[in-house]
Amino acid sequence: MLSVVRMHAFQSGRGPLSPGSRAGVGAALALLAIISAVEVADGRKVHYAALMTAAPVLAAVFASWRAVLGVALVALLLGGGFALIEPGASMTTGVGLVGVALSGVVAAAVAAVRQRQAEQIAELSKLASVAQQAVLRPLGPQVGTLAVAARYISSTATAEIGGDLYEAIDTPYGVRMIIGDVRGKGLDAVRLASIVLGSYRHVAYERADLRAVVADLDRAVARNVGDEDFVTAAVVEERGGTLTIVNCGHPSPLLLRRGAVIPLEPPAPAPPLGFMPVVRPRVERLEPGDRLLLFTDGLGEARRDGEFFPTADRAWRLLGHGTVGDGLASLETALVEWVHGRLDDDIALVLMEYTGQRSGASVPVPSWEVGAAEA
């Protein structure tokens with residue numbers, strides 16, 4: 001947010017020059033120096049002053065309109081200086097100076113238009129970021145018996161915001177989490193993500209069975225999307241040390257246990273929300289120290305030179321140390337380094353650690369969950 005404010009100040013011409021603006025002005029002044037040196041070396045007859053019209057145009061690519069006018073003024077002073085020392089200044093020299101003045105005015109106008117457009121884009125990006133932050137509230141550090149951390153990694157390949165979503169809440173039925181990904185990008189995706197999260201924050205407290213939670217979410221999505229829109233999602237519940245996962249077309253979570261990484265594939269595939277998924281839960285018994293990574297498909301699609309990021313191979317080494325927040329920080333660092341800072345899609349990450357059942361707590365576990373876990 002602070003970087004946006006700084007950029008806004010520069011674009012309005014009220015703050016110090018940004019590195020890009022300094023580079024543009026520096027290149028323009030360097031061009032003027034070269035032309036002046038050639039002019040001096042060529043003798044007292046002015047031949048190259050007209051070339052100074054290129055300097056304000058070059059500055060307009062990066063700099064503010066005020067800086068462009070400054071460059072144009074310097075060009076006029078240099079051209080005028082050469083005209084004064086030229087014996088019997090020619091009409092060509094005068095026309096060249098007029099050209100420098102006109103190019104300065106035109107370049108300043110172009111810079112002003114570019115500057116205004118950049119300000120509008122920055123404002124829209126700021127509003128979009130605020131909207132997304134309002135949808136994705138901070139998680140953790142402790143939710144029920146789970147240590148929880150979340151991270152949102154924005155794509156550098158596009159200025160559009162995505163529809164990745166996550167939430168973790170402590171309910172009467174245990175700790176429940178959701179992670180999902182809305183098809184598409186932009187404000188429409190954020191709007192649908194907010195609808196899914198709003199519905200989830202209500203039904204997670206009301207429905208004892210995760211399959212009923214999924215059915216409610218599916219109806220909420222179906223009422224608010226077109227025929228080709230959908231939301232992939234994984235809903236997770238930790239109840240008395242039993243982990244239950246229902247998966248609607250989403251990447252499978254990874255269970256990290258004693259150095260091993262176990263993909264928790266669903267018993268049967270199910271379509272995304274919006275296509276009336278019929279889900280079958282996957283149930284696991286947790287051990288203290290177990291960690292679970294939930295992620296969106298941007299992680300699976302991250303690649304460099306056609307080679308995908310080896311999430312499963314490196315998950316334990318990156319995520320199995322320190323706090324869950326430390327683990328996600330390590331994963332993000334390794335991921336950004338792998339793709340050389342360029343991601344094709346936004347990524348949402350949630351990492352939880354089971355710390356053991358609360359002392360004296362007695363949490364009922366449905367018989368079908370226990371049976372599935374033993375099977």
Side-chain angles (χ1 to χ4, degrees), residues 162-168 176-184 189 192-193 195-197 199-200 203-204 207-239 242-257 260-286 290 292-303 308-313 315 344-352 366 368-375:
D164 294 15
L165 59 97
Y166 53 76
E167 181 60 290
R176 286 179 164 177
M177 296 180 287
I178 185 174
I179 190 163
D181 191 358
V182 177
R183 178 183 179 272
L192 183 53
I195 291 172
V196 173
L197 286 176
S199 299
Y200 174 75
V203 301
R207 303 296 189 184
D209 192 325
L210 287 187
R211 290 169 292 191
V213 172
V214 167
D216 288 343
L217 294 178
D218 176 68
R219 285 191 289 271
V221 170
R223 286 193 296 264
N224 291 278
V225 299
D227 294 337
E228 297 182 356
D229 295 324
F230 56 84
V231 181
T232 67
V235 183
V236 179
E237 174 189 280
E238 183 278 315
R239 189 191 306 202
T242 297
L243 183 72
T244 307
I245 304 171
V246 290
N247 196 318
C248 304
H250 198 76
S252 299
L254 299 179
L255 176 64
L256 286 71
R257 173 179 292 168
V261 179
I262 308 166
L264 299 183
E265 303 284 349
L273 299 174
F275 293 123
M276 296 184 293
V278 177
V279 294
R280 291 180 56 191
R282 167 132 187 193
V283 184
E284 299 283 338
R285 288 297 299 178
L286 291 174
D290 282 354
L292 185 73
L293 175 66
L294 310 174
F295 56 94
T296 53
D297 60 5
L299 179 60
E301 295 171 357
R303 59 187 178 271
F308 291 96
F309 181 73
T311 304
D313 293 339
D344 294 327
D345 196 6
D346 292 354
I347 302 172
L349 303 170
V350 178
L351 182 63
M352 56 140 270
W368 64 269
E369 287 189 0
V370 174
E374 293 174 349

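The structure displayed is predicted, hence computed values, not measured ones.
A 4.5 Å side-chain heavy-atom check between Leu293 and Pro253 finds every atom pair outside the cut-off. For the pair Asp345 and Asp297, the minimum side-chain heavy-atom distance is below 4.5 Å. For the pair Val225/Leu192, a side-chain contact is recorded, criterion being any heavy-atom separation below 4.5 Å from C-beta on. Side-chain contact between Pro281 and Leu210 is absent, with no heavy-atom pair separated by less than 4.5 Å. Inter-residue side-chain proximity for Leu243 and Glu237 is flagged as unmet; no heavy-atom pair is nearer than 4.5 Å. Between Arg176 and Arg239 there is a side-chain heavy-atom pair separated by less than 4.5 Å.
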Item to check | Check against side-chain contact (heavy atoms from CB on, under 4.5 Å), Ile178 and Val196 | outcome: CA-CA 10 Å; Ile178 185 174; Val196 173; 4.3 Å; yes
Next on the checklist: Walk me through whether Val261 and Leu255 qualify under side-chain contact (heavy atoms from CB on, under 4.5 Å).
Outcome noted: CA-CA 6 Å; Val261 179; Leu255 176 64; over 6 Å; no
Item to check | Stepwise side-chain contact (heavy atoms from CB on, under 4.5 Å) test for Val235 and Ile245 | outcome: CA-CA 6 Å; Val235 183; Ile245 304 171; over 6 Å; no
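Interatomic distance, Leu273 CG to Phe230 CZ, rounded to the nearest 0.5 Å: 10.5 Å. Here the CG atom belonging to Leu349 is positioned 7.0 Å from the CD1 atom belonging to Ile179, to the nearest 0.5 angstrom. With rounding to the nearest 0.5 Å, the separation of OG1 in Thr296 from CG in Asp164 is 4.0 Å. Within the model, atoms CG of Leu217 and CG of Leu197 stand 9.5 Å from one another, a figure rounded to the nearest 0.5 Å. Rounding to the nearest 0.5 Å places CG of Asp181 at 13.0 Å from OH of Tyr166. To the nearest 0.5 Å, atom CG of residue Leu286 and atom CG of residue Leu292 are 8.0 Å apart.
The backbone N or O of Met177 lies less than 3.5 Å from a partner atom in the side chain of Tyr200, making a donor-acceptor pair. Not a single donor-acceptor pair under 3.5 Å links the side chain of Arg207 to the backbone N or O of Val213. Judged by distance alone, the side chain of Asn247 and the main-chain N or O of Ala234 form no donor-acceptor pair under 3.5 Å.
Shortest non-hydrogen contact noted between Leu254 and Ala315 is CD1-CB, 4.4 Å. Nearest heavy-atom pair, Val214 versus Cys248, reported as atom, atom and distance to 0.1 Å: CG1-SG, 3.7 Å. Minimum interatomic distance between Pro277 and Pro271 (heavy atoms only, all atoms of both residues): CB-O, 3.2 Å. Here the closest heavy-atom approach between residue Ala220 and residue Ile195 is recorded as O-CG2, 4.2 Å. Contact record, Pro272 with Asp218: O-OD1, 4.4 Å, taken as the closest heavy-atom pair.
In the model, Arg282 has no side-chain atom that pairs as donor or acceptor with a side-chain atom of Thr244 under 3.5 Å.
Under the salt bridge (charged side-chain N to carboxylate O under 4.0 Å, His left out) criterion, Arg219 pairs with Asp216, sequence neighbours left out. Applying the side-chain hydrogen bond (donor to acceptor under 3.5 Å, both in side chains) rule to Thr232 yields the partners His250; only residues at least two apart in sequence or on another chain are considered. Take Glu167 and apply the side-chain hydrogen bond (donor to acceptor under 3.5 Å, both in side chains) test, not counting sequence neighbours, and it matches Arg137, Arg201. Residues meeting the side-chain contact (heavy atoms from CB on, under 4.5 Å) test with Phe308, sequence neighbours left out: Arg303. Here Ser252 pairs with Glu265 under the side-chain hydrogen bond (donor to acceptor under 3.5 Å, both in side chains) rule; sequence neighbours left out. With sequence neighbours excluded, the residues that form a salt bridge (charged side-chain N to carboxylate O under 4.0 Å, His left out) with Asp290 are Arg257.
Classification of Arg211 and Asp209 as a salt-bridged pair holds, one side-chain N sitting under 4.0 Å from a carboxylate O.
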